[in-house]
Protein chains: 2
Amino acid sequence: MAAQGADAVRVERLAEALGVTKGSFYWHFKDRNALLEALLEAWQMQATYAIIDQVEANGGDCRARLTTLFTIVARVDGRLDRAIRTWAEQDPSARNALDQVDSRRLAYLETLFLGMGFSLPAANARARLVYHALIGQFTMGPAVAHGARLSESLDIILPMLIREG
Amino acid sequence: MAAQGADAVRVERLAEALGVTKGSFYWHFKDRNALLEALLEAWQMQATYAIIDQVEANGGDCRARLTTLFTIVARVDGRLDRAIRTWAEQDPSARNALDQVDSRRLAYLETLFLGMGFSLPAANARARLVYHALIGQFTMGPAVAHGARLSESLDIILPMLIREG
DNA sequence: CATTATCAATACGGTAGCGTATGGAATTGA
DNA sequence: TCAATTCCATACGCTACCGTATTGATAATG
């Protein structure tokens with residue numbers, strides 16, 4: 001899934017990789033689609049909180065949390081997220097799950113900026129800019145060389161985002 | 001291609017859609033891969049300059065050009081770009097073409113910020129932030145509702161990006 | 001007018017994948 | 001112990017593709 005996308009999740013390949021036959025697969029899952037739905041649900045549970053929880057656990061004020069967020073995201077392997085996002089262009093269930101995750105994350109970013117004292121519109125615009133940028137970095141994936149990740153120009157980016165305006 | 005990704009570009013489907021048989025297809029193209037390579041090359045030519053040229057044609061100073069850029073990108077249909085980006089995760093040729101396009105676009109953004117008097121590191125950080133954000137908006141595609149596009153909070157975002165610091 | 005180039009149809013063999021039917025082994029529980 | 005449940009294998013039919021070989025049909029050209 002992460003390596004080659006949802007399309008590459010094939011019953012027979014999977015069975016072979018596990019050293020069983022597909023006769024077995026169809027005992028555990030109704031069909032291929034049931035497997036994909038299960039994967040999707042597992043991802044959604046994990047993706048919603050994984051990063052946010054890490055940031056919260058790390059503590060600090062809102063500015064510190066934002067720094068933590070950039071740093072964590074720069075290290076995260078975005079392949080699974082990317083695969084789901086691609087998948088969501090075709091599949092309504094995936095679309096739905098992804099939309100929920102996006103909303104949750106955006107809302108979190110917004111609270112960070114609100115916590116710095118920004119007005120709702122200002123916080124919202126900043127949250128969207130940052131989230132879009134992070135998604136962009138995810139999307140471009142390995143193409144974003146080290147030294148070119150957002151987290152590595154935080155000394156420039158953060159003051160920009162945080163300054164009152 | 002734009003609607004369902006490179007995977008959905010199938011010889012027989014294409015032939016049927018055109019009202020011919022695949023016997024004909026194989027006269028025009030050596031094989032499916034040759035078609036994809038041709039598509040890729042056409043895209044690269046178009047994608048490199050399409051938007052930049054519009055912005056330049058519109059004129060104005062660097063700040064005005066940046067505004068124009070956001071506005072145009074908000075209207076653009078990013079599906080083909082998205083399809084290529086997805087494809088590039090699997091295919092080296094696509095990866096290569098995409099990397100070139102990304103570099104070209106990033107370089108253009110950088111010149112805009114340099115033109116505003118920013119230092120190279122400052123311009124570079126801003127260019128990357130903006131480009132990542134635009135890619136993010138592209139990637140999220142139709143999920144980014146009207147009213148939530150970057151171009152619609154330019155009154156907040158632009159001053160942030162442009163302020164000296 | 002004959003020939004050649006261009007474009008398309010038909011027909012074939014091959015692979016990857018889905019899902020079903022059915023039988024067999026191992027485990028568990030009354 | 002013996003029947004039910006659980007897990008897996010084998011074998012099958014079916015579809016969507018790929019690519020090739022061959023044979024027209026029409027248009028351009030010497």
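Labels below follow one simple rule: chain letters A, B, ... track the order of the sequence lines, proteins then strands, and each chain is numbered from 1. These values consider heavy atoms only, across backbone and side chains, with no hydrogens, waters or symmetry-generated copies.
- Residues B:Met160 and A:Leu161 are in side-chain contact: their nearest non-hydrogen atoms beyond the backbone lie under 4.5 Å apart.
- Spacing between atom CZ of A:Phe29 and atom P of D:dC8 amounts to 12 Å, rounded to whole angstrom units.
- Counting to the nearest Å, the C1' atom of D:dC17 and the CG atom of B:Leu35 are 15 Å from each other.
- Taking side-chain N and O atoms only, A:His28 has no distance below 4.0 Å to OP1 or OP2 of D:dT6.
- When each of B:Gly19 and A:Arg32 is assigned the nucleotide of DNA chain C bearing its nearest heavy atom, the one mapping closer to the 5' terminus is B:Gly19.
- Taking atom CD of residue A:Glu16 and atom P of nucleotide D:dA9, one finds them 12 Å apart after rounding to whole Å.
- Picking from D:dC17, C:dG17, C:dA9 the nucleotide with the shortest atom distance to the side chain of A:Glu12 gives C:dG17.
- The side chain of A:Arg10 contributes no N or O atom lying less than 4.0 Å from OP1 or OP2 of C:dA16.
- Considering only side-chain N and O atoms, B:Arg13 lies under 4.0 angstrom from the phosphate OP1 or OP2 of D:dC17.
- Considering only side-chain atoms of B:Trp27, the nucleotide from C:dA9, D:dA9, C:dT6 that sits closest is C:dT6.
- Listed nucleotides: C:dC18, D:dG19, D:dA9. Nearest to the side chain of B:Asp31: D:dG19.
- Remark: P of D:dC17 and CG of B:Asn33 are 17 Å apart, rounded to the nearest angstrom.
- Between the side chains of A:Gln100 and A:Thr48, no donor N or O sits under 3.5 Å from an acceptor N or O.
- Checking D:dT10, C:dC18, C:dT10 against every side-chain atom of A:Thr21, the shortest atom distance belongs to D:dT10.
- A donor-acceptor contact closer than 3.5 angstrom links the side chains of B:Tyr108 and B:Glu56.
- Using a cut-off of 4.0 Å between Lys/Arg side-chain N and Asp/Glu carboxylate O, B:Asp77 and B:Arg79 are scored as salt-bridged.
- Separating the OH atom of B:Tyr26 from the P atom of C:dC7 is a distance of 18 Å, rounded to the nearest angstrom.
- In this structure, B:Phe25 atom CZ and C:dT10 atom P are separated by 18 Å, rounded to whole Å.
- Remark: C1' of C:dC18 and CG of A:Leu14 are 14 Å apart, rounded to the nearest angstrom.
- Comparing D:dA9, C:dA9, D:dA11 against the side chain of A:Lys22 picks out D:dA11 as the nearest.
- A side-chain N or O of B:Arg128 and one of A:Ser153 form a donor-acceptor pair less than 3.5 Å apart.
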